[in-house]
Amino acid sequence: MAPRSDLPDIHGLIVVDKPAGWTSHDVVARVRRLTGMKRVGHGGTFDPFATGVVVVAVGRATRVLQYIQDSDKRYLAHVVLGAETDTLDVDGEVVSRNRGESLPAREDVESRSGAPATPAPSLPAREDVEAALAHFTGEIEQVPPAYSAIKVQGRRLYERARAGEAVVAPTRIVRIDAIDVLDFEPPDLLLDISCGKGTYIRSIARDLGARLGSGAYCHGLRRIRNGAFTVADAWTLDELDAIDLRGRWPEVATHPDRAVANLDAIILDGDQTEAWYHGRSVDPVTIDARPWPALLRVYTPDGRFAGIGRHQDDGALRPAFVFSASEEGQA
């Protein structure tokens, strides 16, 4: 069903608890149908096998998506030791078992009953796992999975991998704030991971298995936080399907400024507000004498969210994006 063009625009963020088997694009398509809005986007791709927080923006709220994509995240990861898969997750094909020995033929990672693949005969102890995980905190180099949405020379890596091309993903620096072992009953390892943007949990599983010499893949993954949003804020797709989403929009949607709640805020005066809505930089002399960070949340004198400002080298506050006053309060 195509979005209706005769409906009034609505704006805001919806936090969705994505089910396994859905892509972020699938979630966007469902919200687009339920809201009747064409302008809908998501705050970053999320593996189909994973579940949890996906932030969907509707209308002008899509302007804050870049800040959601850059936010820190927290995951619960179920890692299985003793085997490796080509996709580094449960949906892939087993390519090695027991310290990396090649398999002669395809094997499913798990049966449809959910039983994981047979573990390697010898697996590390918990203290060995915890010692190995100490190497994965801080800023580290990480090679993304070959089956990922990263573009190289204009093509997604997963497209190249599915075409049988030899894929080498570019190494990049990611930040991992903490990895805690919640439970370990070999071969099953449950991790709580807090990390910065662009971190692949599947790559952590692969690299942990390599360091331990056992091999590993990500059997399950749940995102429990994306920036300011947690699973406590989330609606399931079934819940959204069961309600009149437009009719209950103020209850369901979240205001766009929550996506940038980590930024300092500034309130403009009347003259500054007029200049702001005309896309002009605000006179730095009349803001405040104290040093400000690079980005600021901007509000009008009556407390309406006006957008995000970026400080220039000369100290002027230039609009990074302007959130129209007429759209305030629709979320």
Taking [Y]'s backbone N and O only, do any of them form a donor-acceptor pair with [X]'s side chain (distance below 3.5 Å, no angle check)?
| X | Y | answer |
| --- | --- | --- |
| His255 | Asp257 | yes |
| Thr273 | Asp269 | yes |
| Arg202 | Thr87 | yes |
| Glu139 | Ile173 | no |
| Ser203 | Val143 | yes |
| Arg74 | Ser194 | no |
| Arg206 | Leu88 | no |
| Lys18 | Val16 | no |

Asp238 and Thr236: side chain donor to acceptor below 3.5 Å: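 No, because no side-chain N or O of Asp238 sits under 3.5 Å from a partner of the opposite role on Thr236.
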With Ala232 via side-chain contact (heavy atoms from CB on, under 4.5 Å) - residues at least two apart: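 Here the qualifying residues are Thr230.
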With Pro319 via side-chain contact (heavy atoms from CB on, under 4.5 Å) - residues at least two apart: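 Testing Pro319 for side-chain contact (heavy atoms from CB on, under 4.5 Å), a comparison that skips the adjacent residues, returns Trp276, Val322.
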Listed once per pair and sorted, the ring-ring contact (aromatic ring centres under 6.0 Å, His included) pairs that draw on residues 35-66, sequence neighbours left out: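 Found none.
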Within residues 56-78 or reaching into it, pairs that qualify as ring-ring contact (aromatic ring centres under 6.0 Å, His included) - sequence neighbours excluded: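 Every ring-ring contact (aromatic ring centres under 6.0 Å, His included) pair that includes a residue of residues 56-78, provided the two are not neighbours, is His78-His219.
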For the residue pair [X] and [Y], what are the closest heavy atoms and their distance?
| X | Y | answer |
| --- | --- | --- |
| Ala259 | Ile68 | CB-CG1, 3.7 Å |
| Ser281 | Ala316 | CB-CB, 4.1 Å |
| Leu13 | Ala61 | CD2-CB, 3.9 Å |
| Pro48 | Thr23 | CG-CG2, 3.9 Å |
| Gly227 | Ser71 | CA-CB, 3.4 Å |
| Asp128 | Pro124 | CB-CB, 4.0 Å |

Over 12 foreign heavy atoms within 6.0 Å of [atom1], [X]:
| X | atom1 | value |
| --- | --- | --- |
| Glu141 | CD | no |
| Ile267 | CD1 | no |
| Arg63 | CZ | yes |
| Glu185 | CD | no |

One thing to verify: whether [Y] and [X] come together as a salt bridge, which I'm taking to mean a side-chain N less than 4.0 angstrom from a carboxylate O.
| X | Y | result |
| --- | --- | --- |
| Asp9 | Arg39 | no |
| Asp17 | Arg222 | yes |
| Asp241 | Arg33 | yes |
| Arg175 | Asp177 | yes |

Could you give the distance from [atom1] ([X]) to [atom2] ([Y]), rounded to the nearest 0.5 Å?
| X | Y | atom1 | atom2 | result |
| --- | --- | --- | --- | --- |
| Leu182 | Leu190 | CG | CG | 4.5 Å |
| Arg32 | Lys38 | CZ | NZ | 10.0 Å |
| Asp264 | Ile266 | CG | CD1 | 9.5 Å |
| Ile308 | Leu263 | CD1 | CG | 5.5 Å |
| Ile10 | Arg246 | CD1 | CZ | 4.0 Å |
| Glu84 | Leu81 | CD | CG | 11.0 Å |

Side chain to side chain contact (heavy atoms under 4.5 Å, CB included) between Thr35 and Trp249, intermediate numbers included: CA-CA 9 Å; Thr35 60; Trp249 187 251; 3.9 Å; yes
Counting C-beta onward and ignoring hydrogens, is there a side-chain heavy-atom pair between [X] and [Y] closer than 4.5 Å?
| X | Y | result |
| --- | --- | --- |
| Asp72 | Asn262 | no |
| Trp22 | Val54 | no |
| Asp207 | Ile140 | no |
| Arg172 | Pro144 | yes |
| Asp233 | Arg258 | yes |
| Ile14 | Leu240 | yes |
| Ile204 | Thr199 | yes |
| His311 | Leu296 | yes |

Parallel, tilted or perpendicular: ring planes of Phe323 versus His11, cut at 30 and 60 degrees: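 It falls in the perpendicular class, over 60°.
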Geometric class of the Phe305/Phe321 ring pair [parallel <30°, tilted 30-60°, perpendicular >60°]: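 Perpendicular, since the angle between the ring planes exceeds 60°.
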Qualifying salt bridge (Lys or Arg N to Asp or Glu O under 4.0 Å) pairs, either residue in residues 315-324, two or more places apart: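 Applying salt bridge (Lys or Arg N to Asp or Glu O under 4.0 Å) to every pair that reaches into residues 315-324, excluding sequence neighbours, yields nothing.
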Under 3.5 Å donor-acceptor pairs involving side-chain atoms of residues 129-138, not counting sequence neighbours:
unit_1: Glu130; atom_1: OE2; unit_2: Arg126; atom_2: NE; d: 3.1
unit_1: Thr137; atom_1: OG1; unit_2: Ala134; atom_2: O; d: 3.4

Sole residue of Ile224, Leu191, Leu221 in side chain to side chain contact (heavy atoms under 4.5 Å, CB included) with Leu76: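 For Leu76, the side chain to side chain contact (heavy atoms under 4.5 Å, CB included) check succeeds only for Ile224.
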Candidate pair Val298 and Val282, rule side chain to side chain contact (heavy atoms under 4.5 Å, CB included), full reasoning: CA-CA 11 Å; Val298 178; Val282 177; over 6 Å; no
Side chain to side chain contact (heavy atoms under 4.5 Å, CB included) between Leu268 and Thr300, worked out: CA-CA 5 Å; Leu268 304 181; Thr300 64; over 6 Å; no
Residues Val31, Val28; criterion side chain to side chain contact (heavy atoms under 4.5 Å, CB included); working and verdict: CA-CA 5 Å; Val31 172; Val28 165; 5.9 Å; no
